Amino acid sequence: MISVVVPTLGRPSLAVLLDTLAGQLGDLPGADLLLVDDRRDETGELAVPGALAAYAKVLTGRGAGPAAARNLGWRAARGEWVVFLDDDVVPAPDWARRLRADLEVPGRIGGVQGVVTVPLPADRRPTDWERATAGLAEGRWITADMAYRRAALAAVGGFDERFPRAYREDAELAHRVRLAGWDLVRGQRRVTHPVRPEGRWVSLRTQRGNADDALLRRLYGPNWRTALDLPPGRRPGHVAVATAGAVALAATVLRAVARPGARRRGLGAAALVAGLGWAAGTADFARVRIAPGPRTRDEVVAMLATSALIPPLAVVHWVRGWWHARSLPAGAVVTADGPEAGR
């Protein structure tokens with residue numbers, strides 16, 4: 001038996017997902033669908049298409065993020081397999097049929113990932129945000145479409161609810177599942193993940209994920225990216241640029257209040273050198289982001305502004321995450337039911 005779990009904030013994309021699933025019920029006999037309403041405000045019940053009424057069950061989440069919502073969903077599921085879908089994906093017309101084929105795997109396999117496609121504009125170069133979303137197509141074990149054996153989820157305690165964002169919580173779970181002795185593989189079913197409309201400052205908001213990276217560093221040590229199959233990040237560069245900017249600013253302030261003399265000249269030189277380092281690092285970061293994009297006026301302005309703000313913001317969020325994680329025990333999974341051994 002198969003259970004499908006969809007955590008949702010009630011976005012309009014949910015209706016598209018549900019309509020698509022409703023047309024494929026014949027290929028999922030006995031399946032149950034669990035929608036986890038993770039909205040924090042009381043805005044009425046989720047609308048469920050009539051064709052799904054006999055299959056769907058709406059669970060009320062705590063507004064604690066996707067990790068907690070998925071835990072609520074899989075613990076209420078009846079199936080041997082639990083398939084997690086994001087509420088903004090669109091399954092292919094043959095998704096259900098291919099899902100059943102994907103799950104015909106040996107018992108040692110604990111999870112099967114679907115293929116995620118991100119459509120990009122055909123008439124222009126993609127924006128920075130569109131390219132970031134397109135990275136999902138290369139992601140490993142992402143819960144945009146990821147099926148797990150219920151036994152594998154139970155063995156590791158499910159998702160770690162200390163990860164409150166849709167960021168790294170799925171890679172962290174996959175790592176623990178593999179540590180527990182299960183294999184993970186890629187399947188053939190497909191979903192499309194459209195690019196969600198966002199404002200020009202979205203890249204600043206996503207820097208909050210650095211706090212989650214700091215938690216992963218605390219849990220899995222300095223090689224956490226390799227352990228979790230994650231690509232290299234830009235944090236060393238961000239730290240260097242942010243440090244250069246901070247030194248330039250501090251030296252400029254101190255120079256303004258220093259008496260004329262050698263000390264004042266030294267502070268001026270330090271401010272100049274650090275300022276040039278900050279400017280060079282910021283310019284290179286902006287170049288890397290602008291070059292592959294559409295290079296429209298709005299995009300270029302947004303990239304210049306955010307490229308200056310991202311390095312210090314990333315460092316601040318990392319330090320915040322490190323501070324909160326500094327005393328946490330490594331290897332413990334935190335859920336609504338309390339800590340569990342998960343490593």
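Here, residue 1 is the first one in the sequence, and each next residue gets the next number. A quick note: this is a predicted structure, and the numbers were derived from the prediction, not measured.
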Looking at residues at least two apart in the chain, or sitting in another chain, which of them share a salt bridge (Lys or Arg N to Asp or Glu O under 4.0 Å) with [X]?
| X | answer |
| --- | --- |
| Asp27 | none |
| Arg125 | none |
| Asp32 | Arg78 |

Holding to side-chain contact (heavy atoms from CB on, under 4.5 Å), I want the full list of residues that pass it with [X], two or more places apart in sequence or in another chain.
| X | answer |
| --- | --- |
| Val58 | Leu35, Asp37, Leu46, Val48 |
| Leu249 | Val253 |
| Val202 | Trp129, Glu198, Arg205, Thr206 |
| Asp19 | Pro49 |

Do any pairs count as a side-chain hydrogen bond (donor to acceptor under 3.5 Å, both in side chains) and have a residue in residues 308-321, sequence neighbours left out, and if so which ones? His317-Arg320
Give every residue pair that meets the side-chain hydrogen bond (donor to acceptor under 3.5 Å, both in side chains) criterion with at least one member in residues 238-259, sequence neighbours excluded. none
If you look only at pairs with a residue in residues 104-125, which of them pass as a ring pair (Phe, Tyr, Trp, His ring centres under 6.0 Å), with sequence neighbours excluded? none
Side-chain donor/acceptor of Thr143 to backbone N/O of Met146, under 3.5 Å: no
Is there a chain of hydrophobic side chains (I, L, V, M, F, W, Y, each step under 4.5 Å between heavy atoms) that links Leu99 to Val90? no
Would you list the atom pairs, donor with acceptor, under 3.5 Å between side chains in residues 277-287 and any protein atom, with sequence neighbours excluded?
unit_1, atom_1, unit_2, atom_2, d
Trp278, NE1, Thr282, OG1, 3.4
Thr282, OG1, Trp278, O, 2.9
Asp284, OD1, Arg287, NE, 3.3
Asp284, OD1, Arg287, NH2, 2.7

Side-chain polar contacts of residues 184-193 - donor-acceptor pairs under 3.5 angstrom, sequence neighbours left out - could you list them?
unit_1, atom_1, unit_2, atom_2, d
Arg186, NH2, Gly139, O, 3.3
Arg189, NE, Asp145, OD1, 3.0
Arg189, NE, Asp145, OD2, 3.3
Arg189, NH1, Asp102, OD2, 2.9
Arg189, NH2, Val112, O, 2.8
Arg189, NH2, Asp145, OD1, 3.1

